[in-house]
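The basis for the numbers below is simple: all heavy atoms, side chains too, and nothing from hydrogens, waters or symmetry mates. First listed ligand is number 1; within each ligand, the first listed atom is number 1.
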Amino acid sequence: MPTKQVRLADLQAKKRDRTPWAMLTAYDYSTARAFSQAGIEVLLVGDSAANVVYGYPSTQQVSLEEMCFLAAGVVRGAGNSFVIADLPFGTYEASDEAAVSSATEMLRRSGAHAVKIEGGQRMAPRIAALKQAGLVVCAHVGFTPQSVNTLSGFRVQGRGDSGAQALLSDVSAVVEAGADLVVLEMVPADVARQVTERFPIPTVGIGAGPHCDAQVLVWHDMVAFPQDGHRPRFAKQWAQVGADLVGAASAFKREVAEGSFPAEEHSF
Ligand code: KIV
């Protein structure tokens with residue numbers, strides 16, 4: 001586990017030193033503990049929980065209430081890792097007041113260290129309001145899943161000269177508004193490189209190539225869980241948790257059926 005509490009200043013120092021760091025999603029106490037024990041610097045209570053925890057078809061359906069409970073469990077297991085919690089769809093877009101109220105409720109109830117909101121130029125006023133309220137803010141640009149319908153599906157963003165220009169303008173706006181970190185999702189590697197070199201805040205890539213200051217993945221994607229789940233091209237699998245879990249559950253069922261579990265050593 002990180003030997004001391006990871007803070008924003010540590011992530012900023014890593015950018016200056018060009019030391020890449022890692023972020024993983026976590027949605028509960030036990031996975032937070034495991035990832036903290038592995039030394040993962042930052043845990044993200046992503047609204048991808050909508051899909052992988054709650055089984056909703058889109059991240060637009062998860063509520064602040066549902067996210068707060070998950071975030072509180074993650075913080076209890078996070079050890080010295082820094083915890084960022086997503087503000088879900090519909091809880092911050094309408095006004096600065098809504099953004100500050102949702103963010104403070106999330107941080108008060110969970111103990112997370114920072115919030116993340118999606119959107120570039122159009123969300124810059126919200127980021128400024130959150131900074132004014134004294135919060136650490138992570139922006140999220142490029143492909144933003146809460147806007148999947150506006151973006152016409154899961155598409156790489158920032159392609160071509162005008163796409164790259166739009167992405168750079170988005171990052172410029174969130175930096176200007178005071179964002180402390182920025183997630184770049186599904187953008188060409190060269191555009192992510194330009195952003196990382198040009199702007200002073202740490203960039204966290206997901207499907208954004210190797211030049212970002214940090215990398216983030218949804219943990220289910222990096223361990224093939226569930227066994228028959230969708231695998232985004234940008235994710236690599238370091239374990240087969242879905243297959244192992246099906247195997248373990250099948251073995252349990254078989255041994256219960258044949259009467260070989262519990263054995264003497266499992267009985268009192
Ligand atoms: O919700 C999430 O898991 C995220 C990551 C994809 C960055 O926002």
Worksheet entry | Leu245 with Val223, same ILVMFWY side-chain cluster at under 4.5 Å | yes
Fill in: side chain to side chain donor-acceptor pair (under 3.5 Å) partners of residues 48-71, not counting sequence neighbours, each pair once
Tyr27-Ser48, Tyr56-Glu66, Ser63-Glu66, Glu65-Arg109
Fill in: Pairs meeting criterion ring pair (Phe, Tyr, Trp, His ring centres under 6.0 Å) with involvement of residues 161-182, two or more places apart
none
Discussion item. Can you pull out every ring pair (Phe, Tyr, Trp, His ring centres under 6.0 Å) where at least one residue sits in residues 91-128? Sequence neighbours excluded, please.
Written reply: Phe82-His113
Any protein N or O within less than 3.5 Å of an N or O in ligand 1? List each pair with its distance, or say none.
residue: ligand 1; atom: 1 (O); partner: Asp47; partner atom: N; Å: 3.1
residue: ligand 1; atom: 1 (O); partner: Asp47; partner atom: OD1; Å: 3.0
residue: ligand 1; atom: 1 (O); partner: Ser48; partner atom: N; Å: 3.0
residue: ligand 1; atom: 1 (O); partner: Ser48; partner atom: OG; Å: 3.3
residue: ligand 1; atom: 1 (O); partner: Asp86; partner atom: OD2; Å: 3.1
residue: ligand 1; atom: 3 (O); partner: Ser48; partner atom: OG; Å: 2.5
residue: ligand 1; atom: 8 (O); partner: Lys116; partner atom: NZ; Å: 2.8

Practice prompt. May I ask you to decide if Ala22's main-chain N or O and Glu41's side chain share a donor-acceptor pair within less than 3.5 Å?
Written response: yes
Worksheet item: Among Val182, Leu168, Val174, which one satisfies side-chain contact (heavy atoms from CB on, under 4.5 Å) with Phe199?
Response: Leu168
